[in-house]
Amino acid sequence: MLTKKTKYAVKALMALARNKDNKPMLIAQIAEKEQLPKKFLEAILLELKRSGFLGSKKGAGGGYYLMKKAEEIKLAGIIRVIDGPIALLPCVSLNFYEKCEECTSEIYCGIRDVMKDVRDATLNVLTQTSLADMIEREESLQKKLISEKAEGISEENFKGDFSGSVE
């Protein structure tokens, strides 16, 4: 599960990616646009800057901007910078491996074997999904919601699926 901090980081990066000509944006602008707490956002943006996702400019016309194109910034990289490992168990983590204390044999561990499959499937999606992809998905979902409203689906009763059924 993504932490709130990671969700805020992704939302901030998406706001910057939507910003035409990659002009610097102030923290207050990002916070207002994405409805994020400004104080918490400051720390997140500094972390993203230290990790090379963002640059910053001081003075008039200053703020934060993307250091790479939105197509090049993948969700897996953002998650690793903010939350660390993507794997659900440390013994299957590619970048943060640790042997499990209670494990008697990693070679024969059924739990580890399943969690490795989960890690691989998750990484497949996260390493292929960019900020640009998520922006495109949002736009597509917004268009779909507009067309679905005629069928009685609204943001208030949306349960995460556009199948048309509402409980």
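What you see below is based on every heavy atom in this structure, not just the backbone, and it leaves out hydrogens, waters and symmetry mates. When a residue number appears, it is its place in the shown sequence, counting from 1.
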With sequence neighbours left out, write down each residue that passes side-chain hydrogen bond (donor to acceptor under 3.5 Å, both in side chains) with K23, or none if nothing qualifies.
none

Rounded at 0.5 Å granularity, tell me how far CE in M14 sits from CD1 in I73.
11.5 Å

Kindly compute the distance separating CD1 (I30) from CD (E32), expressed to the nearest 0.5 Å.
11.5 Å

Could you list the residues that satisfy salt bridge (charged side-chain N to carboxylate O under 4.0 Å, His left out) with D113, not counting sequence neighbours?
none

How far does NZ of K116 sit from CG of L123, to the nearest 0.5 angstrom?
11.0 Å

Quick test of your reading: applying side chain to side chain donor-acceptor pair (under 3.5 Å), list the pairs with at least one residue in residues 37-61, sequence neighbours left out, ordered by first then second residue.
K5-E47, K49-S56

Just jot down the side-chain contact (heavy atoms from CB on, under 4.5 Å) partners of K74, sequence neighbours excluded, or say none.
S130

What distance separates L141 CG from K144 NZ, expressed to the nearest 0.5 Å?
8.5 Å

Gap separating the CD atom of E136 from the OG1 atom of T129, nearest 0.5 angstrom:
11.0 Å

Tell me whether L36 is reachable from M134 by hopping between hydrophobic residues (I, L, V, M, F, W, Y) whose side-chain heavy atoms are closer than 4.5 Å.
yes

By salt bridge (charged side-chain N to carboxylate O under 4.0 Å, His left out), which residues pair with K7, not counting sequence neighbours?
none

Joint hydrophobic cluster, V92 plus L126, side-chain heavy atoms closer than 4.5 Å:
no

With hydrophobic residues grouped by side-chain heavy-atom distances under 4.5 Å, do Y97 and I86 end up in a single group?
no

Do NZ/NE/NH1/NH2 and the carboxylate oxygens of R137 and D133 come within less than 4.0 Å?
no

Should L54 and L13 be marked as a side-chain contact (heavy atoms from CB on, under 4.5 Å) after you check the CA-CA gap, both sets of side-chain angles, and the distance that decides it?
CA-CA 9 Å; L54 300 178; L13 287 166; 3.6 Å; yes

CE (M67) and CG (N22) are apart, to the nearest 0.5 Å, by 9.5 Å

Is L75 reachable from L2 through a run of I, L, V, M, F, W or Y residues, each pair having side-chain heavy atoms under 4.5 Å apart?
yes

Looking only at non-hydrogen atoms, find the nearest pair between A31 and L41 and report the distance.
N-CD2, 3.7 Å

Given side-chain contact (heavy atoms from CB on, under 4.5 Å), test Y65 with D21 step by step and report yes or no.
CA-CA 10 Å; Y65 56 91; D21 301 323; over 6 Å; no

Answer yes or no: are there more than 12 heavy-atom neighbours, outside L46 itself, under 6.0 Å from its atom CG?
yes

Salt bridge (charged side-chain N to carboxylate O under 4.0 Å, His left out) filter on E106, not counting sequence neighbours, yields R112

Would you call L16 and L131 a side-chain contact if the rule is heavy atoms closer than 4.5 Å?
no

Listed by chain and number, what are the side-chain hydrogen bond (donor to acceptor under 3.5 Å, both in side chains) partners of E139, not counting sequence neighbours?
none

In short, A15 meets M25 closest at the heavy-atom pair O-SD, 3.9 Å

Pair K11-E138, salt bridge (charged side-chain N to carboxylate O under 4.0 Å, His left out): steps then yes or no
CA-CA 11 Å; K11 287 181 72 143; E138 272 191 2; over 6 Å; no

Going by the rule side-chain contact (heavy atoms from CB on, under 4.5 Å), which residues pair with K69 if we only count those two or more places apart in sequence or in a different chain?
E71, E72

What pairs with F53 under ring-ring contact (aromatic ring centres under 6.0 Å, His included), at least two apart in sequence or on another chain?
none

Could you list the residues that satisfy side-chain contact (heavy atoms from CB on, under 4.5 Å) with L26, not counting sequence neighbours?
Q29

Could you work out, with side-chain hydrogen bond (donor to acceptor under 3.5 Å, both in side chains) as the rule, every residue matching T3, not counting sequence neighbours?
T6, D83

Non-neighbouring partners of S93 that pass side-chain hydrogen bond (donor to acceptor under 3.5 Å, both in side chains), sequence neighbours left out
none

Decide whether F96 and I82 are clustered together by the hydrophobic rule: side chain heavy atoms of Ile, Leu, Val, Met, Phe, Trp, Tyr closer than 4.5 Å, transitively.
no

